[in-house]
Amino acid sequence: MGYPHPRHPRETPVLSEHFGDPAARTLAGWKARGGYQALEQALAMDPVAVQNVVKDSGLRGRGGAGFPAGIKWSFMKPDGKPHYLCCNGDESEPGTFKDREIMRWTPHALVEGVATAMHAIYAETGYIYIRGEFTEPLEAVTAAVREAYAAGILGANAMGTGRRLDIHVHKGAGAYICGEETALMNSLEGKRGNPRIKPPFPAVAGLFGKPTTINNVETLTAAAHVVRRGAEWYKAMGRPDNPKSTGTKLFSVCGNVARPGNYEVTLGFPFKDFLWELCGGAPDGRRIKAVIPGGSSVPILTAEECEAVFMDYEGMAAAGTLLGSGGVIVFDDTADMPRQIARLARFYAHESCAQCSQCREGTAWTTRILERICRGEGSFEDLDTLLEIGEQMSGKTICVLSDSCATPVASGLRKFRHEFEAKIGKKQGKAFVPSAYPTGLTPAAAGSAP
Amino acid sequence: MTAPASPAAPASPPPPPSTVRLTIEGIPVEVPPGTSILEAAKQAGVLVPHYCYHPGLPVAGVCRMCLVDVEKFPKLAPACATAVADGQVVHVHNEKAKKAREGVLEFLLINHPLDCPICDQAGECELQDYTFQEGRADSRYREPKRFNPVEDFGGDVLYVPNRCILCTRCVRFMSDVAQDPVLNVSERGDRAFIGKAEGHDLTHAWAGNVVDLCPVGALLSKDFLNKARAWELDRSASVCTGCSQGCNVVLETRDNVVVRVKPRSNTAVNQYYACETGRLHYRWMNRRDRLEVPLVRGEAGVLVPAAWEQAIAAAARTLAAAPRLVVLASAGLSNEALYLLSRIRGPGGEGVFRVETGPEAPLAGAPDLALRADRAPNGRGAELMGFARHDQPLAALQAGDTLLVADHDLAGLDLAALDRAGEIVVIGTTLPGELVSRVAVALPTCNVAEEEGTFTNLRGRVQRFLQAKAAPGEARPTWSVLGDVAEAMGRGRAPMLPADVFAALAGDHPAFGGLTYAGLGLRGLPVLDAAPAGGTS
Amino acid sequence: MTYGPSAGAKLATTPAHGHDDAPYQPVFTGAARDELETLCARYPSRQAALLPALWMIQEARGWVSDGAVEEVAQVLGVSAAHVRGVLTFYTMYHQHPVGKHFIQVCTTTPCNLCGAEDVVNAFLRHTGCGELGVTSDDGRFTVIEVECLGACGFATPVMINSRFLESVTPDAVPDVLEECD
């Protein structure tokens, strides 16, 4: 069973092998576990060869979008400009806490992955951006970087190859949106964490206007393993009938679940086995009602829908949802879905960067309607309004925060509409009196009871 | 200002593909590569509704109002931030795009106080206009509205956050154009507002432009606050008289009173902007202590009102009899007036003027644009008409000289020199107090808001201004009065129209050769020897 | 809790207490200045050191005052308005003084499912704060709800200043507070 529980035999520990083992945190401990062999190997290779290994392995971005990592790296050409690598350690998607464990238990694994990627993309400087709330991972990674410098692994003459590799740890300060790649770059540049309009894409003009590659913590850590153990080894893990999703993936499990934690399984693992066998299902003999499988921004699945799903990019898409960041949020039969969805909307309203009109206003409006419904002051029109607002919030903004708010609301409303309807017109104690709002040509949006 | 072409220019890179062809709303257009869809649409005569985009500012792409449907694109694209591509087919007014705009408008209005009846922007508000055109008829918002108090941003600017749509035009203007970044977006989500660091006010010489740039009623001019409704205003194209830059402006009047000066775009002169000095340089146009009737000193030695014919005859007589004529001209007179003055002056006379000066205040992000040290619109024109600039122009007076004061209020002059003057004639908008007992004839004229004509700015650009209001009393256009006086003196026929004066002027002065009054349009043209920056001393 | 009309954004910045009128004493002198310069050397622009600089201010002073905004702006060569815009974007910076122990309880959906709101209430009760965002009378505690702390499997995570606690239950709150000096 995943960390912090004893490992389940059906897990495939690659990234999580040393979770919970304090000895793996130090440079000596990491080297004793085979650390820095990947980097040494990579530095002896041509950057394009490193790109190709990762390309061949089929490793895809683990931050949520699933873009093939090797292809992303291959956009970086030796053009004489300074290149940057950004490591996205801003993990803040509700339900996701895998990068945190990588960083606090195996910080050297990350440093090695970052350094390997830097070599592959012709970068001399890399920044590891870690969210400010992650005090322990920040300490661990900072210490690892310091050790790596002291040991000559980083610096002007990395591992004696003459190659310059500088890695700096950058501490965030509380903003979910900084997990969006261009927002992270703005944040690193000392600006508000506003996502940028694309194009230009980071590979053309990213951090400080220079060609930049940005990868998630898990992606970079996995890349080091790929370099060391080869593309074939990595490719072999996954559903045989789905070559598009390869390797292992960390899944964070939380909410109403018997054994919350991080589980590492090969992509394509049956979701049903995962939920009930590995994670133990709902706690205290209750039943699972719903699951958000890929971090809070993806469509909600009912328990029944989870049964035939494979845990990879294609499998989740086939079920009408997304693999996302691999944050699995479980709701059991005691969960009040409208209330929890309202809470989720509130999260997005709090985190909207305020640039795009739809997101700035829409997330807050959605939240207020949902909270009013939860107070028993809702109306049936509100449910339609929510869906229409969600429609207007989707696919129209610079980044996808707006869509991320609308998605769980829309799928929650579709799949658990009865729970919302049950709250309408049921203000305890007294009948709900709608505010005297001028209604003009439209029927009063009052709490018209069913 | 254009750099002279270098004879040995370095080998230029291969020319990029010259144009891109696309179709916008069924209209084919051809534009240079890199043009945004929004700008290309303008060329096709299609307005893509927008808030945050402004041609003078870096693209932000945040209001999402300009989303257009580009065929083969998976999602709607922001027209301001999407470059044109060959063969693109763009729909601005199809259902999909209109629906998206309706959504944006609804979002922008949910927390808006809808206080148009007391909002200065009403009538010239893009939120109002687009909502009227394509917004919903009702609101579905049932929740309490956000409220933030009005804030004084310093300078001439008030911020009403409840009306703000966070388009960030003001922030971008201050940081990228004024390059005095005192504004920011503070907080985030729907709590966000335009903020200002403690102790840093909007006191930049060009800060008032944020009020014009604001597409809604969130940034207001204190000077114009609650003064007039936008639809009551009459607007006339004019040229700012605050300095020698010659910014193109609009004079806005209500009931024959100038109530506001706004910039009029002219990329050759002032882009889209006007400075604070220029904006507030209009109250004098409404002065009530004007010279309103012609005055002639009668037999009893007192000034008495006279009919125009008699007054002009008296003036001509006095001027023609001058042993030597010194013309003290204002640098605020039009080219036409100065030209006619030079006729009256004749070859034996002397023409002088003085220009008030003040500190120069450039607008850093705009090319060759500043509040100029010379605080008068037509010093350059005066020089071209043969007038000499002096700090103390009255020093030119010799004992017994006749002095013609042409719309000069004598401010800043050493008046002791007046004692040397023989006869004095005043042709102007006011009769300076110091001259009441001395003047032989005083002829009332219109001020710049009351007549039309041209100015020549410091770069030699000749620009027309139009009449914005009626003159008081019997005052007549300066060119008309001067033309009659010149004719009465036997120096040429009186012109019928300002265009006649300009034609004569262009005939006499080679620098103006080839220019015609009509040809100047409302954005002006440069004189032939237009010197580059700082060319003339 | 209601996601209400947010008059708060501007009105609530007036601190309840803790302002002093003494002239601002710069933070970036001596060793702190050297440390900042070391940080600046990591980036091609001084502006990039803005977040680290604000962290240094907050560590030294507990919050970021208007004076500190001016100092950071001046030291990094950016405008005070830019610093303020950044300061107010990131929720971990304090725009006004807070209690000695700043307690952030995660209440986002995954933790909420596991009873995070009971943990918040326990903190409010045992600290004497009574209300979210209010500093206790003795100035020792401020309790706020925070959005996802990124430790959802360890519901309910709580941050007390830079101390990160996992799996806090309402019953554990008195002991947790006991450890705050």
Side-chain angles (χ1 to χ4, degrees), chain A residues 4 82 91-97 99-100 125 127 131-136 166 168 170-176 187-193 208 252-256 260-262 292 296 327 329-332 335 339-347 349-351 353 364 367-368 371 375, chain C residues 1-6 39-55 58 72 76 78 82-83 85-93 104 106-117 145-155 157 159 161-164 166-167:
Chain A
E91 180 168 70
S92 18
E93 176 83 2
T96 316
F97 48 100
D99 297 342
R100 173 176 185 259
T125 312
Y127 296 98
R131 62 180 296 192
E133 293 89 343
F134 277 179
T135 48
E136 205 185 330
D166 283 318
H168 307 295
H170 193 94
K171 181 183 179 183
Y176 164 75
S187 180
L188 244 169
E189 290 178 15
K191 300 174 186 162
R192 291 167 65 84
F208 303 113
S252 309
V253 185
C254 61
N256 303 134
N262 275 294
I292 302 185
S296 61
I329 308 172
V330 183
F331 303 78
D332 71 16
R339 193 162 170 275
Q340 292 306 335
I341 290 168
R343 187 63 191 79
L344 211 47
R346 187 193 180 93
F347 168 82
H350 183 262
E351 300 297 334
C353 83
T367 307
R368 295 205 178 102
E371 291 185 349
R375 287 199 305 274
Chain C
M1 285 304 300
T2 304
Y3 194 79
S6 39
L39 285 171
C40 284
R42 295 178 172 184
Y43 311 96
S45 79
R46 287 183 75 79
Q47 178 176 284
L50 180 48
L51 264 60
L54 290 171
W55 275 122
Q58 183 150 312
V72 172
L76 295 181
V78 295
H82 178 83
V83 176
V86 170
L87 171 70
T88 56
F89 186 88
Y90 298 95
T91 51
M92 291 184 81
Y93 296 126
Q104 309 183 64
C106 177
T107 58
T108 310
T109 301
C111 293
N112 209 297
L113 284 166
C114 303
E117 288 183 2
E145 282 185 33
V146 69
E147 295 297 347
C148 192
L149 282 176
C152 320
F154 305 89
M159 268 188 95
N161 297 341
S162 62
R163 203 151 60 95
F164 199 103
E166 294 173 351
S167 310

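Just so we're on the same page: letters track the sequence lines, and every chain starts at 1. This is a predicted model, so every value here is computed, not measured.
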Asker: Out of C/A151, C/A155, C/P157, which one racks up the most heavy-atom pairs below 4.5 Å with chain A?
Answerer: C/A151
Asker: Is chain C contacted by the side chain of A/F208, its backbone, both, or neither, given a heavy-atom distance below 4.5 Å?
Answerer: side chain
Asker: What part of A/R100 is in contact with chain C, defined as an atom under 4.5 angstrom from a non-hydrogen atom: side chain, backbone, both or neither?
Answerer: side chain
Asker: Heavy-atom pairs under 4.5 Å with chain A: which of C/L50, C/T107, C/V146 has the most?
Answerer: C/T107
Asker: Sort out for me which of C/V86, C/V78, C/N112, C/L87 touches chain A most, counting heavy-atom pairs under 4.5 Å.
Answerer: C/N112
Asker: Can you tell me which portion of A/T96 sits under 4.5 Å from chain C's heavy atoms? Options are side chain, backbone, both or neither.
Answerer: backbone
Asker: After noting the C-alpha distance and the side-chain angles of A/R192 and C/T88, does the key distance pass the side chain to side chain contact (heavy atoms under 4.5 Å, CB included) rule?
Answerer: CA-CA 9 Å; A/R192 291 167 65 84; C/T88 56; 3.9 Å; yes
Asker: Where on A/I329 is there a heavy atom nearer than 4.5 Å to chain C: the side chain, the backbone, both, or neither?
Answerer: side chain
Asker: Return the orientation label for the C/F164 and A/F134 ring planes: parallel under 30°, perpendicular over 60°, tilted otherwise.
Answerer: perpendicular
Asker: Could you check if a side-chain atom of A/Y176 sits within less than 4.5 angstrom of a side-chain atom of C/E147, using non-hydrogen atoms only?
Answerer: no
Asker: Applying the side-chain contact (heavy atoms from CB on, under 4.5 Å) test to C/C152, which of A/P260, A/S252, A/C254 qualifies?
Answerer: A/C254
Asker: Determine the minimum heavy-atom distance between C/L51 and A/S187, stating which atoms define it.
Answerer: CD2-OG, 3.5 Å
Asker: Determine whether a donor-acceptor pair (N or O, by modelled atom type, separation under 3.5 Å) exists between the side chain of C/T109 and the backbone of A/Q340.
Answerer: yes
Asker: Hey, does C/P110 have a side-chain heavy atom less than 4.5 Å from the side chain of A/P94?
Answerer: yes
Asker: Please answer whether the main-chain N or O of A/G193 pairs with a side-chain N or O of C/Y90 as donor and acceptor at a distance below 3.5 Å.
Answerer: yes
Asker: Looking only at heavy atoms, what is the nearest atom pair of C/W55 and A/A173, with distance?
Answerer: CZ2-CA, 3.7 Å
Asker: How long is the gap from CD on C/E145 to NE2 on A/H350, to the nearest 0.5 Å?
Answerer: 10.0 Å
Asker: May I have the step-by-step check of side chain to side chain contact (heavy atoms under 4.5 Å, CB included) for A/K191 and C/H82, ending in yes or no?
Answerer: CA-CA 8 Å; A/K191 300 174 186 162; C/H82 178 83; 4.0 Å; yes
Asker: Start with the C-alpha distance between C/R42 and A/D166, add both sets of side-chain angles, then the distance that settles side chain to side chain contact (heavy atoms under 4.5 Å, CB included), and finish with yes or no.
Answerer: CA-CA 9 Å; C/R42 295 178 172 184; A/D166 283 318; over 6 Å; no
Asker: Which distance, rounded to the nearest 0.5 Å, do you find between the NZ of A/K171 and the CG of C/L54?
Answerer: 11.5 Å
